[in-house]
Amino acid sequence: MKYSIIASLLLVGSAIAAPHTAVRQERARKRAQGRKGNPNHVIEGPGGVETNNTNVSYSTNWSGAVLVGTGYTSVTGSFVAPTPTTTGSGSAWVGIDGDTCGTAILQTGIDWTYSGGKVTYDAWYEWYPDYAYDFTGITISAGDTIKTTVTATSKTAGTAVILNSTTGKSVSHTFSNEASLGSLCEYNAEWIVEDYESGSSQVAFADFGTVTFTGASAVKSGTTVGVTGATLIDMETSSGSVIVQASLSGTSGVVLKYV
Ligand SMILES: *[C@@H]1O[C@H](CO)[C@@H](O)[C@H](O)[C@H]1NC(C)=O
Ligand SMILES: *[C@@H]1O[C@H](CO)[C@@H](O)[C@H](O)[C@H]1NC(C)=O
Ligand SMILES: *[C@@H]1O[C@H](CO)[C@@H](O)[C@H](O)[C@H]1NC(C)=O
Ligand SMILES: *[C@@H]1O[C@H](CO)[C@@H](O)[C@H](O)[C@H]1NC(C)=O
């Protein structure tokens, strides 16, 4: 296996090929496929199920909150790395343009996997449609509080930062001139839990308990805004049972609860 890891390191040049890179490459490919038929990843449903003043949509692979508008250049939120209790994986991330843009997504977050009684995590950054790369220099453990932030410095450049809220130490990646990949629209700010795909099906989705984004805010045309007015996305099975329920908590909290 060492040889194949070395081979993939060589293939991607200076970038570090993470163990899950193939999975994410596949995920990005599937997202691209999904986007063709369903630009928003989201099935519009009846509004206002959880609250009276928020639209609720449905997706089979995403749950979260999305602000839709123009001029979104930064998104941040903190959360505690969850402890999954059933076999499977999942991820939590913040992003710009995951919903209605379609040409690029700037995102950063973590994946978790519970397998054989062990939980592993990795932290990654991604400028979709490229696949995600793991950060080096950060090790996530269950219960760690991390702050995830993406910032677009232009529609083709930006940063992804993950900060250890205990130590104040951070890892970051700077994207510069990603025009050849795709340009951001700055239409969306989102806080998401995802059941990503591997191969031709979604990964087994672990019961992660609850992920609560706190201090969730975005910068819209130079002004910091909270999550008020965000569209909520519940994750449901194709037969309509809710798997993850999204709700807002005050003006800066997004609660994603495995049901
Ligand atoms: C996500 O779910 C939507 C339907 O809500 C589907 O069209 C799309 O293909 C899915 N994408 C992935 C990556 O699973
Ligand atoms: C929604 O509005 C109804 C009628 O005003 C109220 O009884 C209910 O508590 C509200 N629900 C929420 C979640 O705010
Ligand atoms: C719900 O969505 C519709 C259509 O996108 C929009 O016109 C409306 O303002 C939204 N309502 C809220 C409360 O966000
Ligand atoms: C953050 O720092 C604390 C204290 O050194 C450490 O225990 C924890 O694992 C770190 N978490 C991350 C995500 O770096």
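This chain uses plain numbering: 1 for the first residue, then up along the sequence. We count ligands from 1, going down the list as the structure has it; atoms in each ligand are counted the same way.
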> Looking at Thr139, which atoms of ligand 4 are within less than 4.0 Å of one of its heavy atoms?
Replying inline: 11 (N), 12 (C), 13 (C), 14 (O)
> Relative to the heavy atoms of Ile146, which atoms of ligand 4 are at a distance of less than 4.0 Å?
Replying inline: 13 (C)
Taking [atom] as the reference point, the nearest protein heavy atom with its distance:
atom: atom 7 (O) of ligand 4; answer: Asp144 OD1, 4.7 Å
atom: atom 5 (O) of ligand 4; answer: Thr167 CG2, 3.5 Å
atom: atom 14 (O) of ligand 4; answer: Asn164 ND2, 2.8 Å

[X]-[Y] side chain donor-acceptor pair, cut-off 3.5 Å:
X: Ser172; Y: Ser170; value: no
X: Thr145; Y: Ser165; value: no
X: Ser63; Y: Asp234; value: no

>> Heavy-atom distances under 4.0 Å decide this one: backbone, side chain, both or neither, for Ile162 against ligand 4?
In response: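 None of Ile162 does.
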>> Set out, in order, the CA-CA distance, both residues' side-chain angles and the distance that settles side chain to side chain contact (heavy atoms under 4.5 Å, CB included) for Val94 and Phe213, then state yes or no.
In response: CA-CA 9 Å; Val94 298; Phe213 286 96; 3.8 Å; yes
>> Taking atom NZ as the centre, does Lys257 end up with more than 12 heavy-atom neighbours from other residues, nucleotides or ligands that are less than 6.0 angstrom away?
In response: no
